[in-house]
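Let me begin by presenting the structure, written as structure tokens, before commenting on it.
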There are 2 protein chains.
Amino acid sequence: MSQEIPELNVVGLTSVLERFTRMFIRLPSVQRLSFTTLSVLHTLEGRGPMRLTDLTASEQVTQSAVTQIVTKLEREGLVRRGPDPSDGRAVLVRVTAAGAAIVRGRRADRIAHLSELTDRLSPAEREAVAAALPALTRLVELDRERSGEDGGGRARGGT
Amino acid sequence: MSQEIPELNVVGLTSVLERFTRMFIRLPSVQRLSFTTLSVLHTLEGRGPMRLTDLTASEQVTQSAVTQIVTKLEREGLVRRGPDPSDGRAVLVRVTAAGAAIVRGRRADRIAHLSELTDRLSPAEREAVAAALPALTRLVELDRERSGEDGGGRARGGT
DNA sequence: AGAAACTTAATAAGTTTCTGATACAGTCTG
DNA sequence: CAGACTGTATCAGAAACTTATTAAGTTTCT
């Protein structure tokens, strides 16, 4: 008998991840913040202070839109603009405590929701997911490396 | 010695899934379709013909916005409106071949992108992901069941 | 050093997309 | 069959985004 090699079903994986994407996006927001605005906040919380240019590269909108979003977030006390010591033209944007609290609150909601779901898995299923977590982490890291190569193209997103 | 039980790290899982979400959302779109518009198209392609009300429940916008989005998609030949045989007030929206082609094209891009990434995993890592796929699938199914219970509340999304 | 070329962010004006309120037609209840 | 409710459309206005432009700072080249 030849050995069975269960090859990874990428189509199925894509499908599942698409469905997680919807699940995550649907999360209600307390604040009256638009999708892109929350995304900017999330990026800043995750990656630390960034210049507007770098923020623009990581979102799906123009530099002009990012400027307007940051202005709005600043008015609401969720981010702060500061000078970039290494470049007089640039602006460094950083989240405030209030801004970080919003991102972390949303993450806590997702964790709570996922916890409820994983609680219903069998121990074997939970173990399978736990065993795959390092590999999944490596996948997103590989992606980050690759998109870091080029400047990061403009795009228009959607589910 | 007591047996080591590697419990599932839900926080880590949430974090990884958040990062996949960003990766998927950033995908460039050929057409000039907004985020929500693409989402509607995706929903219709995945779930089959739906009434406007049901579409509204599954997206993060008002019924008014859904009506306008469907009107725009219909003008572009990507969906078609039809009567609901079981309810004279209702409208059944279905994707056309052109609309489905767009959704499937985007999915193909995601599959291709994920394939490139999984190619770089070790065989052991690929196997771990493959082994977890059924459990991950069950997670999204559990979610669907749960959100099917209530009517599906309105929400405002973000990453 | 100084001018030309480039980068960074802000602003203005216009377009698209979304919301809230309302209207209207079809369905259900008593 | 009257009143209450549901499903969709329409309209006006608000919000979010785009393109084009400008001003200020930096780099490059001579």
Side-chain angles (χ1 to χ4, degrees), chain A residues 25-26 28-29 31-41 44 49-76 78-94 151-159, chain B residues 25-26 28-29 31-41 44 49-76 78-94 151-159:
Chain A
I25 286 175
R26 282 215 208 138
S29 157
Q31 313 282 325
R32 286 270 131 191
L33 299 173
S34 78
F35 181 87
T36 310
T37 302
L38 282 168
S39 182
V40 165
L41 215 50
L44 286 172
M50 287 172 80
R51 309 191 311 167
L52 278 184
T53 301
D54 297 334
L55 253 183
T56 300
S58 83
E59 307 295 332
Q60 283 66 52
V61 290
T62 59
Q63 172 264 315
S64 177
V66 171
T67 294
Q68 296 170 60
I69 288 166
V70 166
T71 300
K72 186 190 161 211
L73 285 171
E74 199 174 31
R75 264 200 317 268
E76 300 182 13
L78 303 177
V79 307
R80 233 176 41 226
R81 261 184 252 243
D84 182 343
S86 71
D87 189 336
R89 298 164 295 181
V91 166
L92 274 187
V93 189
R94 67 185 65 231
R154 169 66 52 62
R156 190 126 190 214
T159 302
Chain B
I25 286 175
R26 281 214 208 139
S29 156
Q31 313 281 329
R32 286 270 133 190
L33 300 173
S34 77
F35 182 86
T36 311
T37 303
L38 281 168
S39 182
V40 165
L41 214 51
L44 287 172
M50 288 172 79
R51 308 191 311 168
L52 279 184
T53 301
D54 298 334
L55 254 183
T56 300
S58 83
E59 308 294 332
Q60 282 68 50
V61 289
T62 59
Q63 172 266 315
S64 177
V66 172
T67 295
Q68 295 170 61
I69 287 166
V70 167
T71 300
K72 187 191 160 211
L73 285 172
E74 199 174 30
R75 265 202 315 268
E76 300 182 13
L78 303 178
V79 306
R80 234 173 43 224
R81 259 185 254 244
D84 182 344
S86 71
D87 189 335
R89 299 163 295 182
V91 165
L92 274 186
V93 188
R94 66 185 66 231
R154 168 67 52 63
R156 190 125 189 214
T159 304

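Everything numeric here is computed off the predicted structure, so don't read it as measured data. FYI, side chains are in, hydrogens and waters are out, and symmetry mates aren't considered; it's all heavy atoms of this structure.
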_Interface residues of residues 67-76 of chain A with DNA chain C (non-hydrogen, below 4.0 angstrom)_ = Thr67(A)
_Can you tell me which nucleotide in dC17(D), dT8(D), dA10(C) comes closest to the side chain of Gln63(B)?_
dT8(D)
_Should the side chain of Ser64(B) and the base of dT10(D) be counted as holding a donor-acceptor pair, with the cut-off at 3.5 Å?_
yes
*Within this structure, what is the CG-to-C1' distance between Leu52(B) and dG26(C), rounded to whole angstrom?*
15 Å
_Just to be sure I understand the geometry, which residues of residues 87-94 of chain A put a non-hydrogen atom under 4.0 Å away from DNA chain D?_
Asp87(A), Gly88(A), Arg89(A)
*Residues in side-chain hydrogen bond (donor to acceptor under 3.5 Å, both in side chains) with Ser58(B), at least two apart?*
none
*Can a side chain N or O of Thr62(A) be found less than 4.0 Å away from OP1 or OP2 on dT18(D)?*
yes
*asked:* Does dA10(C) have OP1 or OP2 under 4.0 Å away from a side-chain N or O of Arg81(A)?
replied: yes
*Using the C1' atoms of the five pairs at each end, what is the angle between the end axes of the helix from dA1(C)-dT30(D) to dG30(C)-dC1(D), to 10°?*
30°
*Do you see a donor-acceptor pair shorter than 3.5 Å between the side chains of Thr53(A) and Thr56(A)?*
no
*For Arg80(B), what residues pass the side chain to side chain contact (heavy atoms under 4.5 Å, CB included) criterion, not counting sequence neighbours?*
Arg94(B), Thr96(B)
_Asp84(A): which residues meet the salt bridge (Lys or Arg N to Asp or Glu O under 4.0 Å) condition with it, sequence neighbours left out?_
none
